[in-house]
Amino acid sequence: MTNLVTTLFIHFCLHLFLCTNYSKYAVGFRPQQQGGRSTKFSDFKVQTTRITKLCNTKDIPTINGMYPGPVVYAQEDDKVIVRVTNESPYNITIHWHGIRQRLSCWSDGPSYVTQCPIQTGQNFTYEFTLVQQKGTFFWHAHVSWLRATVYGAIVVYPKKGIPYPFKFPYGEHIIILGEYWMKDMVQIEEAVLASGGAPPPADAFTINGQPGPNYNCSANDIYKLDVVPGKTYLLRLINAALNQEHFFAIANHKLKIVEVDAEYTKPLTTERVMLGPGQTLNVLVRADKPIARYSMAMGPYQSAKNVTFQNITSIAYFQYFGATANDLSLPAALPRFDDNLAAKTVMDGLRSLNPATVPKDIDRNLFVTIGLNVQKCQSKNPQKDCQAKGGGVMAASMNNISFSKPNISILEAYYKNISGYFTQDFPGVPLKFYDFVNGAPNNPPTDTNSLNGTRTYVLDYGTRVQLILQDTSTVSTENHPIHLHGYSFYVVGYGTGNYDPDTANFNLVDPPYMNTIGVPVGGWAAIRFVADNPGAWFMHCHLEIHLSWGLSVVLIVKNGEGPLERLPHPPADLPRC
């Protein structure tokens, strides 16, 4: 007994030591809170860094040589200033995912939407204020497929004196889910888009940058989280993966969800969660099991049919102090890769912590279909360039319009009234109504084409919007994680099949408040928000291949009346195209 107590004491002291030294991925303490609003400065240097994983060495783009990148810590209502200097050979932008960018659309980050990329040797300073925002966010590259390795967490704590709406945890840890390819990501992207076909699956899934022991040459590349028996931990889960949605579970442990997309929820206990790329979840985990090493597992959720995907689980360790290095890890049970019910069950149970101020009277009803397309082959070398089904070229669309990025920032063109780069005629309803789930055109490429264009949809300031997002079955139905920049929205409805306003059940009391919604496979989601933040805001699928294929649109919100309702002038160092 004495030896056990001594061992626990030593581990406890070690835990305190580790947690008072800034870790790349985890924080076991809460930074000292200061009164009033403060300014947090960060210096991001975009660099190429040589790493070895899976018995393969390559150079990857990183921030400050870190993979995953540095954590940005702040407090609610703080001002954040991040100077990004591009020392890499790649064009770069950084998006601050989930930050609403109140009157700071110039700092939102999506390339050719709010800014031109930061070119090699140039720099740009992002500035934004965390107005009434706290929780778990993340940042990532928003140009090309560079966000495969250029990403990191943002942790925003409540104001001084404002507690969590749950008992303060013993420790907090950041868990970032990712994907890793052995080949160069820019080359992969170019090859995929040139082929007209589908992307290759990831060579590995990663937890905090480590693939875990199931992968080749990775017996020691394992993230370990040491926990004290009997204590409760807050895990900040972030899915930074590129093209795959994921299930996550800890062997023999329950996960209590208390926050989704940086907004508190009523506690919801589950055995596993599903996160699409772009989604964040805060969960409480109590280390109340026998002393042992437990697996934290990350596996694929693949809802589309006939898609090649990585099916090897990434493993990390949830390891109790007192467990030995020789202990076998107890396996975590993940759902089948195509378990749509497991993905839907958690979403069905999510509720905002408090009654919500949901827009009741709607000024603008929008209905947007989302899905895949196969375009007719226009190449003189179809075997090389048209590898989609039926000898076509893969595409994706909203309301059957595939978005084409211009070669100038849409926000800049709109602000300076520069014509010829985009139009304002994105349709607010589908061009054609049909049985979207069971009767969609599916004879590629004869009847699966989409239109191409840089079309935007314009909203007056203060417009109360209801947006129905409807999955379609052209090529395949699929769960699509749809992210809206500049806003969070209330998910008032969610279901399978075709949306029917006469039978849909809406929650207008305490719906979850999110920024990325997984529109269910063969189903629909209804969201509501007030367009009270002027700018050009990207709405897109967060599966990167779908974004490359055109599954996106830009919502332009006009200025209001006074200075607090108008977008300021662009910053002096805004990059040029």
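Count residues from 1 along the sequence.
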Would you please say whether a donor-acceptor pair under 3.5 Å links the side chains of [X] and [Y]?
X	Y	answer
Ser488	Arg100	yes
Tyr317	Asp226	no
Thr448	Thr474	no

- request: Check each of His485, His95, His140 against His542 using the ring-ring contact (aromatic ring centres under 6.0 Å, His included) test, and report the only one that passes.
  value: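 In the set His485, His95, His140, the residue that makes a ring-ring contact (aromatic ring centres under 6.0 Å, His included) with His542 is His140.
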- prompt: For the ring-ring contact (aromatic ring centres under 6.0 Å, His included) test, which of His97, His142, His546 pairs with His540?
  reply: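 Testing His540 for a ring-ring contact (aromatic ring centres under 6.0 Å, His included) against His97, His142, His546 leaves exactly one candidate, His142.
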message: Could you tell me if Arg464 sits above the aromatic ring of Tyr490, with its cationic atom closer than 6.0 Å to the ring centre and no more than 45 degrees from the axis?
response: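 Negative - Arg464 is either too far from the ring of Tyr490 or too far off its axis.
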Lys/Arg cation over aromatic Phe247: Arg272, 6.0 Å, 45° cone: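 Not satisfied by the 6.0 Å and 45° rule.
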Rounded at 0.5 Å granularity, tell me how far [atom1] in [X] sits from [atom2] in [Y].
X	Y	atom1	atom2	value
Ile257	Leu268	CD1	CG	4.5 Å
Asn216	Asn214	CG	CG	11.5 Å
Leu551	Ser397	CG	OG	6.5 Å
Thr280	Ile175	OG1	CD1	13.5 Å

- prompt: Within the distance-only criterion (no hydrogens, no angle test), does the side chain of Asn533 pair as donor or acceptor with the backbone N or O of Gln101 below 3.5 angstrom?
  reply: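 Judged by distance alone, yes, a pair lies under 3.5 Å.
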- request: Please work out which of the three classes, parallel, tilted or perpendicular, describes the rings of Tyr164 and Tyr264, given edges at 30° and 60°.
  value: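 The arrangement is perpendicular - the two ring planes meet at more than 60°.
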